[in-house]
Amino acid sequence: MAFSNTYLLSPSSLYKLNPVLFSHRRCSVALSRFHLRILKPRFFVAAASDNGVFTSPEIAKSFDFTSEERIYNWWDSQGYFKPNFDKGSEPFVVTMPPPNVTGSLHMGHAMFVTLEDIMIRYNRMKGRPTLWLPGTDHAGIATQLVVERMLASEGIKRVELGREEFTKRVWEWKEKYGGTITNQIRRLGASCDWTREHFTLDEQLSRAVIEAFIKLHEKGLIYQGSYMVNWSPNLQTAVSDLEVEYSEEPGSLYHIKYRVAGGSRSDFLTIATTRPETLFGDTAIAVNPEDERYAKYIGKSAIVPMTFGRHVPIIADKYVDKDFGTGVLKISPGHDHNDYLLARKLGLPILNVMNKDGTLNEVAGLYNGLDRFEARKKLWAELEETGLGVKKEAHTSRVPRSQRGGEIIEPLVSKQWFVTMEPLAEKALEAVKKGELTIMPERFEKIYNHWLSNIKDWCISRQLWWGHRIPVWYIVGKDCEEDYIVAKNEDEAFKKAQKKYGKNVEIYQDPDVLDTWFSSSLWPFSTLGWPDVSSEDFKHFYPTSVLETGHDILFFWVARMVMMGIEFTGSVPFTHVYLHGLIRDSQGRKMSKSLGNVIDPLDTMKEFGTDALRFTLALGTVGQDLNLSTERLTSNKAFTNKLWNAGKFVLQNLPNRSDESAWERLLAHKFDKEEYLLTLPLPECWVVSKLHVLIDAVTTSYDKYFYNDVAREIYEFFWGEFADWYIEASKAHLYQSENEAVSSTSQAVLLYVYENILKMLHPFMPFVTEELWQALPNRKEALIISPWPLPSLPRNLTSIKRFENLQALTRAIRNARAEYSVEPAKRISANIVANPDVIQYISKEKDVLALLSRLDTQSINFTDSPPEDVNQCVHLVAGEGLEAYLPLADMVDISAEVQRLSKRLLKMQNEYDGLLARLSSPNFVEKAPEDVVRGVREKASEAEEKLNLTKTRLSFLQSTILVSE
């Protein structure tokens, strides 16, 4: 690859280079903040046989999947993945959802990479400056867990190392293993600008995170407080809702007596709970106010078992379902999300009975220090001994588990940092309402609106060491909730503290880090330069861009990015949100290791090729889950082979590269001129017209993000029309015509149609299409940057209709040949009957019809009336005003066929009678399984249909013999 000299950019040229980031008014500011060194590539493409990268189908039997890496590296080395802002049109930007740095490629990754690469490659070919920003997420919990396990294998604990040394070890791990996922993403063909790759703990992004925290805090949108969170006892940190997975698991339901204070021994309430150890945190017992069973106890007190007589009020609330369980509910606000909300509504106290490691604390009295599950076992034994344990029964419950560690999550009241979400959500709702943001499919708008309309404050702190440290410093000797400093760094914090508290002040930083989703919510604009680029620049010069991701993180990530983008840049961070579904197995089940149905994309690419995998994944409907099967992959691998073989045919039938005059004739064809299109023979005019119709349909589907329609439309045209019909029809002109002009026209059409198929298919199947493109003669540029086919090219609807008539006639003749078992190589005669206009254009393509239908060219008669021996012919109706009569004697030995069918009919009748006999037997119908009986009925119906068809055919043959006699 050749590069020009390094350019230093002036302010006036900065906007022209990258309007995504810089306005004319801000260029001088931007130059002071950015040091830009731009390498401008000079693109060139050698012939496929000369550059050592590509292999022609002329010498290779099939596409070699191992060449994908060579092709990808060649694209990258040529600089094709970088945006060319010199084109001047509106930029198109996709920000990759950053996979976890701990990740390994799975089908979910394969899906989003495929869809985003389709978007990027299409818009690149459309001539837009395209930028696909890649990167990885530091994945706070996942990465810390991986490194802790690694250290544990060495006998080392995190706390023994200390924070600084542990963080150093994590960075070492990241440098060694963190590139695994991005290398695997490259394997999928992702045409990202890797020179702009980001990591969420990069200096630029870290500055953005701190800036965002400070700005939100200054506006009063960040606060500290003790509230209910999802707590992971093993990791000892709060986790987000997305990091909690629920599973139906067998367990126990414990029924416990709560005596009524001041009552007799018969005065008690029985509650049922799956977590009896939380009773130490009970602050009330609730019943429904309309439940007559317990009306007399409302307003009294209940004695909490095993607490040495602690009393709690018995209250009434409609929240309690009187028909569920015993109709009595224990309220443990410190350990249940619903109880917590109820307690806040009613003003009940909140008791926490659990330590951060999952052991019970001093509130639990004698159970202090016991693990939660050990305490549960011991408590139940003692409840039974005291007669307060009524019964224990098997019960299946929905158990929350940590997505990372696998342990059971505890709802726990904990001191954390929160973001007030309602003011931010209002702007995000308005963006969709005004049409500034489009969500696809549209039905997810309702879900988006519902979530934002009922949004809760966001817990953004995590008790980890790996991540963005919360930029808050406390004052030694002061109240942490009242006296703290928010600053960009320790020096700034210290100066602020000195100014407020005096020179001898001591400070220390909050030990927590920010939720990984906090930094991820800034991803689309922080990767483009915020906060160094001003909000005004983003507002006026933000590109048209797309976010593509799974619908399962619409709320946790997408909505938060929208809120943060509007808050910090004044505009939505993307104009479109494209949501894909889940990848499921062939039976529609979610892939999981426990089911053993996980399909590894790397193994799949080795076996079927990356193009076949991408094409299969892209066939899914937007927003819908996709069932992935080996059958689908095998089918699309066959599609790759078909594309390869078609390329081989095209290349083998083009003029020799050294035949300049032949190439001059071939390249002189102008298929974009309507008057020229009308001069083409019928098959050529048909296929070019159909191609031009396809280009418009496919382009529209691409623009609407209907990728499944694109895939289907190209597949059907290539296989069903170009390969099955035109390639076959072209052989009549290539091999049987003595007219060089006709042959040259067919060669030109083959090349023209095929190269446009490659262009339209390239975003889906980049590797095989580039390989084939490079094999075509006179390629001036790589397929990846070749211009997209022009829309609104001429098409002739009359020629399309006429060729469809020829197709219908061919199909009818082929079906008749198959019905009468005519040998494939045998040429038969035919009488084609139609009106003079149809005869005129059909007869011009006599050689094509003969080739496609296996007719004897010398025995095809075109006429406007049926033949005299019509009773000895097979009569075919191909369409209105177009019929064919095939002499039967020319197709089969009639007498031999009658004998064969008579024997077959006898055998079929016996089989049919046997099925009827089974169905007429009461023993069979009444005693056999329903599906077996249904199967026999279906077989009988099918046998009857075949029997009648055979009788009709035999009768016709016998009548033919009588007529001939």
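All heavy atoms count here, side chains included; hydrogens, waters and symmetry mates do not. The chain is numbered in sequence order, starting from 1. Everything quoted here is computed from the prediction, not taken from an experiment.
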J.: Do V562 and L437 have side chains that approach each other closer than 4.5 Å (heavy atoms only, starting at C-beta)?
T.: yes
J.: Quick check: Y705 with H576 (ring centres under 6.0 Å apart)?
T.: yes
J.: Is the shortest side-chain heavy-atom distance between P83 and R196 below 4.5 Å?
T.: yes
J.: Give the minimum heavy-atom separation between M228 and D336, together with the two atoms involved.
T.: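 The answer is CE-O, 3.5 Å.
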J.: Pick from W417, W458, F418: which one makes a ring pair (Phe, Tyr, Trp, His ring centres under 6.0 Å) with Y223?
T.: F418
J.: In terms of ring plane angle, is the pair W466 and H138 parallel, tilted or perpendicular, where the classes change at 30° and 60°?
T.: perpendicular
J.: Return the CG to CD1 distance between L131 and I120, rounded to the nearest 0.5 Å.
T.: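 Going from the CG atom of L131 to the CD1 atom of I120 covers 7.0 Å.
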J.: By side-chain contact (heavy atoms from CB on, under 4.5 Å), which residues pair with K434, not counting sequence neighbours?
T.: E430, E436
J.: Assess, by modelled atom type and distance only, whether the side chains of T102 and N100 contain a donor and an acceptor separated by less than 3.5 Å.
T.: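 Absent: no donor and acceptor within the cut-off.
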J.: Is it true that atom CD of E490 has more than 12 heavy atoms of other residues, nucleotides or ligands lying nearer than 6.0 Å?
T.: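 Open.
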J.: Report yes if the side chains of M561 and F525 come closer than 4.5 Å at any heavy-atom pair, otherwise no.
T.: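 M561 vs F525: side chains apart.
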J.: Side-chain contact test, heavy atoms from C-beta onward, threshold under 4.5 Å: evaluate it for Q463 versus K356 and give yes or no.
T.: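 Of all side-chain heavy-atom pairs linking K356 with Q463, none is under 4.5 Å.
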J.: Will you find, in the side chains of T195 and D193, an N or O donor that is under 3.5 Å from an N or O acceptor?
T.: yes
J.: Between R207 and Q204, do the side chains contain a donor N or O and an acceptor N or O under 3.5 Å apart?
T.: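 The answer is yes; a qualifying pair exists.
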J.: Mind checking whether P524 and M564 have side chains closer than 4.5 Å, heavy atoms only?
T.: no
J.: Checking side-chain polar atoms at under 3.5 Å, does Y484 have a donor or acceptor matched by the opposite partner on D510?
T.: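 Their side chains do not contain a donor-acceptor pair, so the 3.5 Å distance test is not met.
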J.: Can you see which heavy atom on T167 is nearest to which on W465, and at what distance?
T.: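 Smallest heavy-atom distance, with atoms named: OG1-O, 3.8 Å.
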J.: With a 4.5 Å limit on heavy-atom distance, are the side chains of Q236 and W231 in contact?
T.: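 Contact flag for Q236/W231 side chains = yes.
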J.: Using the rule side chain to side chain contact (heavy atoms under 4.5 Å, CB included), only one of T237, D515, V146 pairs with I141; which is it?
T.: T237
J.: Parallel, tilted or perpendicular for H198 and W523, by the 30°/60° rule?
T.: perpendicular
J.: In terms of ring plane angle, is the pair W517 and W557 parallel, tilted or perpendicular, where the classes change at 30° and 60°?
T.: tilted
J.: Using the ring of each side chain (for Trp, its six-membered ring), is H106 parallel, tilted or perpendicular to H109, with breaks at 30° and 60°?
T.: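 H106 and H109: parallel rings.
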J.: So do the side chains of D241 and N230 get within less than 4.5 Å of each other, counting heavy atoms only?
T.: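 They are in contact (side-chain heavy atoms under 4.5 Å apart), so the answer is yes.
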J.: Is any side-chain heavy atom of I507 closer than 4.5 Å to one of I485?
T.: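 No, their side chains stay 4.5 Å or more apart.
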J.: Would K456 pass as a cation-pi partner of Y227, given that its NZ or CZ must be under 6.0 Å from the six-membered ring centre and within 45 degrees of the axis?
T.: no
